[in-house]
Amino acid sequence: MERYLKIIGDAYYGYFNYLINEIMYPSWGNYFWWLVGLSLFVWLLELVFPWRKGQPALRKDFWLDGFYMFFNFFLFSLIAFNAISNVAVEAFNDFLGLFGVKNVVAIEISSWPAWTQFLTLFIVADFIQWNVHRLLHRVPAFWEFHKVHHSVEQMGFAAHLRFHWMETILYKTAQYIPLAMIGFGLTDFFIVHIFATAIGHLNHANLRITYGPFKYLLNNPIMHIWHHAKDLPKGSHGVNYGLTLSVWDYLFGTAYIPHEGRDIPLGFDGVEKFPKTFWQQISYPFKKNKMEG
């Protein structure tokens, strides 16, 4: 127990120092300022080349989504996630140790060229995320958390990061064992994170982008707006589940783009009554699931 308490203490101390350094010392390898820069760049594109020309520059819930952006990518890790995940990893390794297993690496790729390691990580992680995303729509208890993201009624870049913190736990838990079984020799997947963040921002932006023939590979705003459509195909739990890659939806038959969908209603049935503040939204799923349980 003392060892776990030390892990928790070190996690808080280490992450706090990391966050302060991220904010105070801008650099090319600094994720905080990359997020700020990407956000300002995509927002500028929205202002100069808006797809929905009548949508305000400060659209509905603009500041709420901005807060979600920094909470989910930075503050949540400081409050809980970093400490919890470090303890969970240590506990999992201790559990494996009971059976004499020292690690779960099944495929050793540390000797591969760096670009193939990045590509492997990116493809495997994205496929796992696609499957988790499908579950968020199909499992009723998970959907109550995912409703936070789908409560967006006007799309803009910052809507990308309006999601309940429980989604982070679900995604990371699903990814941990498969990725741990691949012996990645790289310790910093910074480029993968930046690329995924940029595509996510663009997917939610008020921009008309399709990427031409690459639309079958990369998710895009015209495809993703149908994921947020209030009216889905009959009998469907959802469509266009891809986060960064669209190829999974085309391969597994969940791609759906009947037309450009510029002005389609967004959200879900009853979105008008969904909580409007940050605290109400993040507490809503627990209250709803408890009542239904």
Side-chain angles (χ1 to χ4, degrees), residues 35 39 55-56 58-85 88 128-176 196-197 200-201 203-206 224-233 235-243 254 264-293:
L35 179 62
S39 299
Q55 183 169 299
L58 297 179
R59 61 177 176 79
K60 184 177 181 179
D61 294 336
F62 178 88
W63 297 114
L64 174 65
D65 290 347
F67 179 77
Y68 265 110
M69 183 164 62
F70 290 102
F71 178 84
N72 282 322
F73 268 62
F74 297 103
L75 298 181
F76 175 55
S77 288
L78 177 63
I79 294 169
F81 183 73
N82 207 49
I84 292 173
S85 60
I128 295 171
Q129 289 176 323
W130 181 83
N131 280 285
V132 172
H133 196 180
R134 289 177 64 243
L135 290 177
L136 290 174
H137 282 260
R138 298 183 68 90
V139 178
F142 290 175
W143 169 241
E144 296 304 329
F145 291 105
H146 196 48
K147 273 184 178 178
V148 171
H149 183 62
H150 280 266
S151 65
V152 174
E153 295 180 83
Q154 288 185 336
M155 289 285 270
F157 76 91
H160 170 209
L161 300 179
R162 183 202 294 196
F163 58 84
H164 197 283
W165 54 263
M166 182 59 79
E167 288 196 27
T168 300
I169 293 176
L170 294 172
Y171 277 111
K172 296 299 184 183
T173 300
Q175 287 179 316
Y176 177 72
T197 301
H201 270 26
N203 289 343
H204 293 82
N206 182 18
H224 195 66
I225 199 165
W226 284 102
H227 177 73
H228 282 263
K230 191 172 185 178
D231 299 315
L232 296 171
S236 171
H237 290 90
V239 296
N240 304 344
Y241 296 109
L243 274 72
T254 51
I264 58 174
L266 307 180
F268 49 84
D269 288 339
V271 69
E272 300 83 4
K273 299 179 182 178
F274 194 75
K276 304 303 180 186
T277 68
F278 173 77
W279 179 250
Q280 289 174 335
Q281 288 182 355
I282 63 171
S283 59
Y284 164 85
F286 298 106
K287 296 176 181 177
K288 186 74 164 49
N289 287 328
K290 184 177 180 180
M291 289 172 61
E292 294 182 350

Exercise for review: Could you check H227 against N203 for side chain to side chain contact (heavy atoms under 4.5 Å, CB included), going step by step and ending with a plain yes or no?
Suggested key: CA-CA 10 Å; H227 177 73; N203 289 343; over 6 Å; no
Check your understanding: Out of curiosity, L232 CG to H237 NE2, how far, rounded to the nearest 0.5 Å?
Key -> 10.5 Å
Practice item. Report the C-alpha distance between F268 and K230 in whole Å, list the side-chain angles of each, state the deciding distance to 0.1 Å, and finish with yes or no for side chain to side chain contact (heavy atoms under 4.5 Å, CB included). Key: CA-CA 5 Å; F268 49 84; K230 191 172 185 178; 5.6 Å; no
Study note, to complete from the structure: In this structure, OG of S151 is separated from NE2 of H228 (nearest 0.5 Å) by 9.5 Å
Revision key, fill the gap. Shortest non-hydrogen pair, S39 vs L35, comes out as OG-O, 2.7 Å
Practice item. Report the relative orientation of the aromatic rings in F157 and H201; use parallel for angles under 30°, tilted for 30 to 60°, perpendicular for over 60°. Key: tilted
Practice item. Take I225 and L266 through the test side chain to side chain contact (heavy atoms under 4.5 Å, CB included) and record every step on the way to the result. Key: CA-CA 8 Å; I225 199 165; L266 307 180; 3.8 Å; yes
Exercise for review: Could you tell me whether the side chain of Q55 and the main chain of M155 form a donor-acceptor pair under 3.5 Å?
Suggested key: yes
Point to revise | H204 and H149: side chain donor to acceptor below 3.5 Å | key: yes
**Study point:** Minimum heavy-atom distance V239-W226, with the two atoms named
**Key:** CG2-O, 3.5 Å
Exercise for review: Identify the two heavy atoms, one from H137 and one from G238, that lie closest to each other, and give their separation to 0.1 Å.
Suggested key: ND1-CA, 4.3 Å
Study note, to complete from the structure: Residue set satisfying side-chain hydrogen bond (donor to acceptor under 3.5 Å, both in side chains) with S236, at least two apart, ordered chain then number -> none
**Study point:** Exercise: identify the closest heavy-atom pair between G66 and A158
**Key:** N-CB, 4.2 Å
Point to revise | Considering all heavy atoms, the nearest E167-F145 contact | key: OE2-O, 4.0 Å
Exercise for review: Test I264 against D231 for side chain to side chain contact (heavy atoms under 4.5 Å, CB included), laying out the working first.
Suggested key: CA-CA 9 Å; I264 58 174; D231 299 315; over 6 Å; no
Exercise for review: Over 60° means perpendicular and under 30° means parallel, so classify the ring planes of H150 and H146, tilted if in between.
Suggested key: perpendicular
Point to revise | Distance-only side-chain donor-acceptor flag, H224 / H160, under 3.5 Å | key: no
Review point. Can you name the nearest heavy-atom pair linking T277 to L64, along with the distance?
Key: C-CD1, 4.5 Å
Practice item. Would you indicate whether the side-chain heavy atoms of L243 and Y171 approach each other to under 4.5 Å? Key: yes
Check your understanding: For the residue pair W165 and F286, is the inter-centroid distance of their aromatic rings smaller than 6.0 Å?
Key -> yes
Donor-acceptor pairs are to be reported for all side-chain atoms of residues 68-75 against protein atoms at under 3.5 Å, with residues two or more places apart or in another chain.
from	atom 1	to	atom 2	distance (Å)
Y68	OH	Q281	OE1	2.7
N72	ND2	Y68	O	3.4
N72	ND2	L161	O	2.9
N72	ND2	F163	O	2.9

Point to revise | Y241 side, atom OH; L135 side, atom CG - distance, nearest 0.5 Å | key: 9.5 Å
**Study point:** Residue from H164, K172, M166 passing side chain to side chain contact (heavy atoms under 4.5 Å, CB included) with T168
**Key:** K172
Review point. Quick one: do the E144 and Y284 side chains pair a donor with an acceptor below 3.5 Å?
Key: yes
Practice item. Indicate yes or no for a side-chain donor-acceptor contact from T173 to the backbone of L170 under 3.5 Å, with no hydrogens or angles considered. Key: no
Exercise for review: Identify the residue among R59, Q154, K60 that makes a side chain to side chain donor-acceptor pair (under 3.5 Å) with D65.
Suggested key: R59
